[in-house]
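Numbers restart at 1 for each chain; the letters A, B, ... are given by sequence-line order, proteins then strands. Note that the structure is a prediction, hence the values are computed from the model and not measured. All values below come from the heavy atoms of this structure, side chains included, with hydrogens, waters and symmetry mates left out.
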Amino acid sequence: MSEHVRVRFAPSPTGYLHVGGARTALFNWLYARKTGGKFILRIEDTDVERSTQEAVDGLLRDMKWLGLTWDEGPEVGGPHGPYFQSQRLEIYHRYARQLVEKGAAYPCFCSEEELEAKRMKAEEEHRSVHYDGTCRRLSKEEVDRRIAAGEPHVIRVKVPEKDYILDDLVRGKVEWKAETLGDFIILRSSGMPVYNFCVVADDADMQISHVVRAEEHLTNTHRQLILYEALGIKPPVFAHASLILGEDKTKLSKRHGATSVGQYAEDGFLREAMINFLALLGWNEGTDREIYSVEELKERFSLERISKSPGVFDHAKLTWMNGQHLRALPVDQLLPMVEPLLKKAMPEETRLQNPEILRKLVELIQIKMNVLNDAVDVARSFLQAGEPENEEAAAMVATEKSQKLFAALADEFSRCEWVRDGYNAAIKAAGKIAEAKGKDLFMPIRVKITGTCHGPDLVGILDVLGRDETLKRLK
RNA sequence: GCCCCUUUCGUCUAGUGGCCCAGGACACAGCCCUUUCAAGGCUGCGACAGGGGUUCGAAUCCCCUAAGGGGCGCCA
């Protein structure tokens with residue numbers, strides 16, 4: 001069975017890839033990887049007005065950044081293409097023709113004005129606002145005549161008088177009573193298919209086995225079930241995950257600040273952390289575990305354990321989680337990630353050109369970072385000499401004792417061997433002369449050299465700065 | 001208005017009739033470690049939406065109410 005798993009992510013290219021869409025994509029991808037099935041990417045660009053090439057490019061870029069590789073879709077092709085809905089029009093027409101021929105769908109000549117009038121009247125009379133089926137009763141002759149006369153028409157599907165039950169993998173049984181729906185449109189008068197119809201046609205054509213998507217599509221499933229039945233095709237298994245909300249508990253949108261995957265990539269978040277966080281937002285394996293590698297998620301993911309209730313996107317927790325992944329990284333992996341950031345931010349900083357020093361620097365600052373971009377501020381805080389940051393710091397270096405300490409230290413530093421043990425001993429020796437130890441010893445030195453009261457390990461800083469620079473700053 | 005979904009600490013969640021006067025994580029507060037800040041460790045704060053049932057026993061099952069969300073398009 002597992003080799004038949006075929007899942008898809010079907011975004012519409014009307015904007016950037018946001019975290020909600022990314023999570024849907026991730027759930028699908030994880031399921032495919034877990035089962036050894038196929039993950040298909042399909043671009044739903046039938047809304048010509050709003051779809052843009054730019055959005056498609058961004059979508060693909062962000063998917064790649066997350067590492068959500070697709071087995072069939074744009075750029076890679078596949079046996080069920082094309083993978084852009086705008087290029088699949090014949091397929092929709094073929095399916096629509098099939099339905100009309102079967103008598104499961106019919107042309108409708110009602111104009112939008114007529115329908116609007118009916119809708120308003122129904123509302124006034126407190127009746128349900130569904131299409132009344134006027135054209136359903138048209139004779140074959142009349143239909144043929146009006147089509148031949150070139151009258152504009154849509155295609156509607158005949159909705160059977162029966163209840164539908166969806167057995168959703170995450171929600172359980174969901175039931176719709178007959179008469180909650182009128183005959184709905186599948187083909188517009190322009191000949192363009194409507195969303196609910198495209199989805200079914202495509203999912204059927206691409207032999208999708210499991211439809212994993214967000215809750216906003218739950219009620220659409222009713223129509224889709226009707227369409228599958230009309231087509232005589234067994235529907236796929238459905239799993240509806242709930243929505244991701246902003247801090248104010250409304251559906252996550254641009255108003256909530258950074259919601260695009262691309263933005264997080266730019267802000268220095270790690271792909272692994274992003275995946276970890278998204279996976280745990282609405283899914284867990286039933287344990288206390290929080291930190292997972294992508295590999296581990298691929299092994300453990302299951303559709304059944306997706307949660308039903310909506311979740312708030314907690315930026316603070318993402319940041320924490322990113323820090324966890326970041327600190328777990330071997331320096332060899334972290335280094336190439338922060339190197340370009342540092343060099344770009346401080347092109348004049350020659351120490352960054354020295355591989356040995358650079359490595360020491362990264363080792364030193366790793367523990368202080370939560371996102372990659374933190375590297376710049378942390379490194380800058382001591383690479384560049386600064387005046388005391390505040391009065392407290394200024395007072396610390398201004399005392400007579402401190403002056404004595406710096407003089408002694410400069411002397412010791414200029415003579416000692418410039419290795420950790422060497423300058424460590426030098427600091428102690430200078431401390432003895434100036435009669436300072438502990439905080440009183442280290443703090444003034446730190447402030448004198450960096451200008452601030454806090455930062456990474458002082459000895460590590462000296463290691464990065466080197467003897468000449470340290471002496472220069474002491475004087 | 002009609003239909004559908006959801007409801008455990010501020011947030012993410014564990015929990016599928018007794019192990020739960022509810023566990024973990026983020027955030028917050030305090031302490032420890034420490035030359036500072038982080039990181040780490042420990043402690044604290046803090047929740048079963050409300051009301052009825054069922055049951056010896058309910059966060060867990062049923063019903064009602066409320067709140068939130070989604071849908072009811074020739075948008076996707």
Legend entry - RNA chain B contacts among residues 153-174 of chain A, heavy-atom distance under 4.0 Å: A:Val154, A:Arg171, A:Val174

Inset, instruction - Verify whether the ring centers belonging to A:Phe277 and A:Phe269 lie closer than 6.0 Å. - result: no

Inset, instruction - State which residues pass ring-ring contact (aromatic ring centres under 6.0 Å, His included) with A:Tyr423; sequence neighbours excluded, sorted by chain then number. - result: A:Trp418

Legend entry - ring-ring contact (aromatic ring centres under 6.0 Å, His included) involving A:Trp320 - partner list, sequence neighbours excluded: none

Output a table of nitrogen or oxygen pairs between the protein and nucleotides 18-25 of chain B separated by less than 3.5 Å.
{"unit_1": "B:G24", "atom_1": "N2", "unit_2": "A:Glu290", "atom_2": "OE2", "d": "3.4"}
{"unit_1": "B:A25", "atom_1": "O4'", "unit_2": "A:Glu290", "atom_2": "OE2", "d": "2.9"}
{"unit_1": "B:A25", "atom_1": "O2'", "unit_2": "A:Glu290", "atom_2": "OE2", "d": "3.3"}
{"unit_1": "B:A25", "atom_1": "N3", "unit_2": "A:Lys317", "atom_2": "NZ", "d": "3.1"}

Heteroatom pairs (N/O) under 3.5 angstrom, protein to nucleotides 69-73 of chain B:
{"unit_1": "B:G70", "atom_1": "O2'", "unit_2": "A:Glu216", "atom_2": "O", "d": "3.4"}
{"unit_1": "B:G71", "atom_1": "O4'", "unit_2": "A:Thr219", "atom_2": "OG1", "d": "3.4"}
{"unit_1": "B:G71", "atom_1": "O2'", "unit_2": "A:Thr219", "atom_2": "OG1", "d": "3.1"}

Between N or O atoms, less than 3.5 Å apart, protein on one side and nucleotides 41-46 of chain B on the other: list the pairs.
none

Partners passing side-chain hydrogen bond (donor to acceptor under 3.5 Å, both in side chains) against [X] (at least two apart in sequence or in another chain):
| X | result |
| --- | --- |
| A:Glu113 | A:Ser111 |
| A:Asp62 | none |
| A:Ser86 | A:Asp45 |
| A:Arg42 | A:Glu44, A:Asp203 |

Inset, instruction - Please list all pairs passing the salt bridge (charged side-chain N to carboxylate O under 4.0 Å, His left out) test where one or both residues lie in residues 321-330 of chain A, with sequence neighbours left out. - result: none

Legend entry - Within residues 306-318 of chain A or reaching into it, pairs that qualify as salt bridge (charged side-chain N to carboxylate O under 4.0 Å, His left out) - sequence neighbours excluded: A:Glu290-A:Lys317

Inset, instruction - Take atom P in B:C75 and the same atom in B:G71, then report the distance between them in whole Å. - result: 15 Å

